[in-house]
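Structure first, commentary second.
Proteins come first, then strands; the chains are lettered A, B, ... in the order of their sequence lines, and each starts at number 1.
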Amino acid sequence: MKEPITPREPKKVDPEEGAGWRLIGAPSTGKGKRDHRIIKSLFLMDGELAGQNKKLQAKYDAWKKLADFETYEVKDAELVVVAFGSIGRIAKNAVRSLRAKGKKVGLFRPKTLYPFPEKALEKLAKEGKRFLTIEHNLGQMVEDVRLSVRKHADSDLFCVYPGNMPSPDDFEAPILRALGRK
Amino acid sequence: MPKTQGAASAPKTNQTGEELVFTRPASMVDRATHYCPGCHHGIAHRLVGELIDELGLKENTVAVCSIGCSVFLYNYIDVDSVEAPHGRAPAVATGVKRARPDKFVFTYQGDGDLASIGMAEIMHAANRGERMSVVFVNNTVYGMTGGQMAPTTLIGQKTTTCPGGRCKDREGSPIRMSEIIAHLGGTAFCARGSLDSVKNIRQAKKYMRQAFEVQTKGLGFGFVELLAGCPTNWRLSPLAANKRITDEMIPYFPLGVFKEVEGDGTCGSMLAPESAPGAEGGK
């Protein structure tokens, strides 16, 4: 299977970027006079590390808005397959082929696992959808899926042992099983 | 007193009119260090500060501090500094220097950092001839973490992880870094000094100056190893620790210049270590 790629122009380097923190030598006299700068991650003084952790937490909170995902045929789906990466791509083919057979299944493919698109998934759960997580491991993302939908639904799990690359056909039976389960 | 002992901008007299003949270098911060009594980092820091003053590099320097007690160099030296992950100071310094070849870039590393987890980084940086200077402080032990065995720990030396003493058959021989670095193609200057006596400290400073100058002249990689004491983890008094350097370390780690390229950048011959107290014992 070959994937399309979208080329993009590399960003230009801004020579003034980081003017507030970059290390280029600290002038001790004249117009540019400033204290020496230290870029570090070691904070041993009392309270210093807690302060750093608070800053980091604010950063993690801020990047929650970067959570990204793709949905496919979820609008009237009864069962939403959740899968990411190459398995997400293969699951999409399985969903497409089941749709052609009239089965009400859809796909939710997280593009970012961290931050995890939990709000979008919860919204689908609120709408009454059921979930099947398919993974190329023995169950890792399923924990995030279950946490995201926990107030409204649960998720079934189908695992493919890493080392074998499955085909879309391999997913049809487990998807139909989950769809038939009430 | 030679001028080099004081800061360029130091006042000549104090408030009571007494003549000041000794003060901190201008590129050092006015702050007491956290180092243990008898630790040689204070001396090594000061030599770095004096040289940065004397070579006029203060405003053009980026220091790369590595993990270990010496990471706090950046609290005591008044130049822009970056903290590298354990052992990776030469890799970080490579990035800094290649991004800004006009800056003076040096790393300051201990033996637990440079000779163990950072062995790959230091050897490849030297082999590539990165235009950087390395101050390597060798006290044969992991200081910050509580005195564990280092690659440089001497045979028979007791540490918390070799309480019966280092054994050659079990843990291998102490690694002589200067001898290794001297054999790499990009090294322009490589020497080993010691901080155990005034005479050796003055000689060590000369080596450090050369290690700094091969960078400012664009000749290649500058490396200087400094034998230093760790009285706390050696379980010795500061004086006994100094004596241990003289009696036990220098015979195994001979002092002297191991490589020096000529001023025109052509690679000079490998030099035998200069005669030094006990130097013959290490051969």
Side-chain angles (χ1 to χ4, degrees), chain A residues 5 7-64 66-67 85 112-116 137 140 144, chain B residues 7-10 25-31 34 48-49 52-53 55-86 88-89 92-93 95-108 113 144-145 216:
Chain A
I5 59 160
R8 64 173 180 202
E9 287 298 312
K11 277 187 198 165
K12 270 204 179 126
V13 173
D14 174 4
E16 292 306 313
E17 195 182 336
W21 54 264
R22 62 187 170 160
L23 307 182
I24 50 167
S28 49
T29 53
K31 199 166 151 244
K33 182 176 185 291
R34 63 166 170 81
D35 288 341
H36 70 129
R37 290 172 178 154
I38 303 170
I39 295 179
K40 62 169 191 166
S41 60
L42 184 64
F43 299 93
L44 297 182
M45 301 305 286
D46 201 24
E48 214 184 5
L49 182 57
Q52 174 68 6
N53 281 335
K54 204 170 164 184
K55 261 194 215 166
L56 289 177
Q57 191 55 48
K59 181 158 114 180
Y60 304 148
D61 289 345
W63 74 37
K64 275 189 182 160
L66 300 176
T112 59
L113 289 176
Y114 184 83
F116 192 72
N137 55 60
Q140 294 177 8
D144 295 285
Chain B
S9 59
S27 53
M28 301 289 284
V29 178
D30 187 8
R31 174 184 289 162
H34 72 292
V48 170
I52 287 176
D53 282 6
L55 298 172
L57 296 168
K58 180 176 182 300
E59 300 187 4
N60 206 37
T61 292
V62 177
V64 183
C65 306
S66 69
I67 300 307
C69 295
S70 62
V71 66
F72 295 115
L73 171 69
Y74 52 53
N75 288 335
Y76 310 122
I77 191 160
D78 193 15
V79 302
D80 276 359
S81 311
V82 57
E83 178 187 286
H86 203 0
R88 271 80 223 202
V92 173
V96 174
K97 187 68 181 186
R98 290 196 178 199
R100 293 301 298 259
D102 55 322
K103 301 296 162 191
F104 176 75
V105 181
F106 75 95
T107 73
Y108 186 105
D113 183 85
M144 184 187 234
T145 49
T216 56

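The stretch residues 53-61 of chain A places none of its residues near chain B, where near means some heavy atom under 4.5 Å from a heavy atom of that chain.
Annotation: the span from B:Glu83 atom CD to A:Ile38 atom CD1 amounts to 9.5 Å, rounded to 0.5 Å. How far CG of A:Leu44 is from CE of B:Met144: 6.0 Å, rounded to the nearest 0.5 Å.
Chosen from B:Val79, B:Ile67, B:Asp102, the residue pairing most often with chain A at heavy-atom distances under 4.5 Å is B:Val79.
Across B:Val62, B:Thr61, B:Val96, a single residue satisfies side chain to side chain contact (heavy atoms under 4.5 Å, CB included) together with A:Leu23, and that is B:Val62.
Partners of A:Lys40 under the salt bridge (Lys or Arg N to Asp or Glu O under 4.0 Å) rule, at least two apart in sequence or in another chain, are A:Glu48. With sequence neighbours excluded, the residues that form a side-chain contact (heavy atoms from CB on, under 4.5 Å) with A:Glu16 are A:Asp14, A:Arg22.
When heavy atoms are compared at a cutoff of 4.5 Å, B:Val82 approaches chain A by way of both its backbone and its side chain. For B:Phe72, the part sitting under 4.5 Å from any heavy atom of chain A is the side chain, from C-beta outward, and nothing else. Proximity to chain A (any heavy atom under 4.5 Å) is shown, for B:Leu57, by neither the backbone nor the side chain.
The shortest non-hydrogen separation linking B:Lys103 to A:Ile24 is NZ-O, 2.8 Å.
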Test side-chain contact (heavy atoms from CB on, under 4.5 Å) on A:His36 and B:Ile77 and set out the steps. CA-CA 9 Å; A:His36 70 129; B:Ile77 191 160; 5.8 Å; no
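For residues 27-39 of chain A, every residue pair satisfying the salt bridge (Lys or Arg N to Asp or Glu O under 4.0 Å) rule, not counting sequence neighbours, is listed here: A:Arg34-B:Asp80.
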